[in-house]
Amino acid sequence: MLSLVLDYDTEIMWCDIGGPNKTLGFAAQFYNKAMQDGYQVTMNDRCGAVPDFDTPKYGTFGSLSTRRWETSEGMDPNSYGLNNATNASEYTNGTTIIQTLIDIASKNENYLLDVGPTEEDDIIAQIADNLLVAGK
């Protein structure tokens with residue numbers, strides 16, 4: 001991660017999995033380099049100890065939060081990828097997508113909806129149909 005910061009002037013560090021790590025040492029260099037070079041950076045809570053963003057998976061907050069946040073979820077209720085064991089009726093439907101988007105946007109935050117493609121990079125019909133319904 002440090003190479004991304006020092007060699008490429010990365011402004012966003014968006015980790016996927018939390019746990020024991022060396023975030024404090026990394027974060028000190030990440031934030032100090034940005035301040036020295038005159039730009040802003042951000043990091044989510046899955047990177048470790050000093051996040052700017054909370055990132056709940058498959059959930060939202062009940063009210064406005066004093067912290068910035070982004071919720072993320074997959075169209076599949078059990079996986080961010082395509083799970084062949086999921087029944088077509090279990091994928092997030094268009095109405096739920098819109099209701100979730102409205103809820104999160106009303107709290108002034110971000111919604112990341114993952115669409116798990118097939119190994120050929122295709123979106124299966126049920127997911128595509130649900131997205132089209134949400135877009136109408």
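Any value given below was found using the heavy atoms of this structure, including those in side chains, with hydrogens, waters and symmetry copies removed.
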Q) In the hydrophobic clustering that connects Ile, Leu, Val, Met, Phe, Trp and Tyr at side-chain heavy-atom distances below 4.5 Å, which members other than Leu112 occupy its cluster, ordered by chain and number? A)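 Besides Leu112, the cluster holds no residue at all.
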Q. Who else is in the cluster with Leu132 when I, L, V, M, F, W and Y are joined by side-chain contacts under 4.5 Å?
A. none
Do the side chains of [Y] and [X] get nearer than 4.5 Å, heavy atoms only?
X      : Y     : answer
Trp14  : Thr55 : yes
Ile124 : Leu82 : yes
Pro77  : Glu90 : yes
Met13  : Val41 : no
Asn78  : Thr86 : yes
Gln40  : Tyr31 : no

Apply side chain to side chain contact (heavy atoms under 4.5 Å, CB included) to [X] and list each qualifying residue two or more places apart in sequence or on a separate chain.
X      : value
Asn32  : Ala28
Lys33  : Val5, Leu6, Asp9, Asp37, Tyr39
Leu113 : Glu73, Met75, Ile97, Tyr111, Leu131

When rounded to the nearest 0.5 angstrom, what is the spacing between [atom1] in [X] and [atom2] in [Y]?
X     : Y      : atom1 : atom2 : answer
Arg68 : Asp52  : CZ    : CG    : 5.0 Å
Thr96 : Asp103 : OG1   : CG    : 12.0 Å
Lys22 : Cys47  : NZ    : SG    : 15.5 Å

(Q) Main chain of Ile12, side chain of Thr10: is a donor-acceptor contact present, judged purely on distance under 3.5 Å? (A) no
**Q.** Joint hydrophobic cluster, Phe53 plus Phe26, side-chain heavy atoms closer than 4.5 Å
**A.** no
Q: Please name all residues satisfying ring pair (Phe, Tyr, Trp, His ring centres under 6.0 Å) with Tyr91, sequence neighbours left out, ordered by chain then number.
A: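 So Tyr91 forms no ring pair (Phe, Tyr, Trp, His ring centres under 6.0 Å) with any residue.
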Taking atom types as modelled, is there a side-chain donor on [X] or [Y] under 3.5 Å from an acceptor on the other?
X      : Y      : answer
Ser79  : Asp76  : no
Asn130 : Gln126 : yes
Ser3   : Tyr8   : no

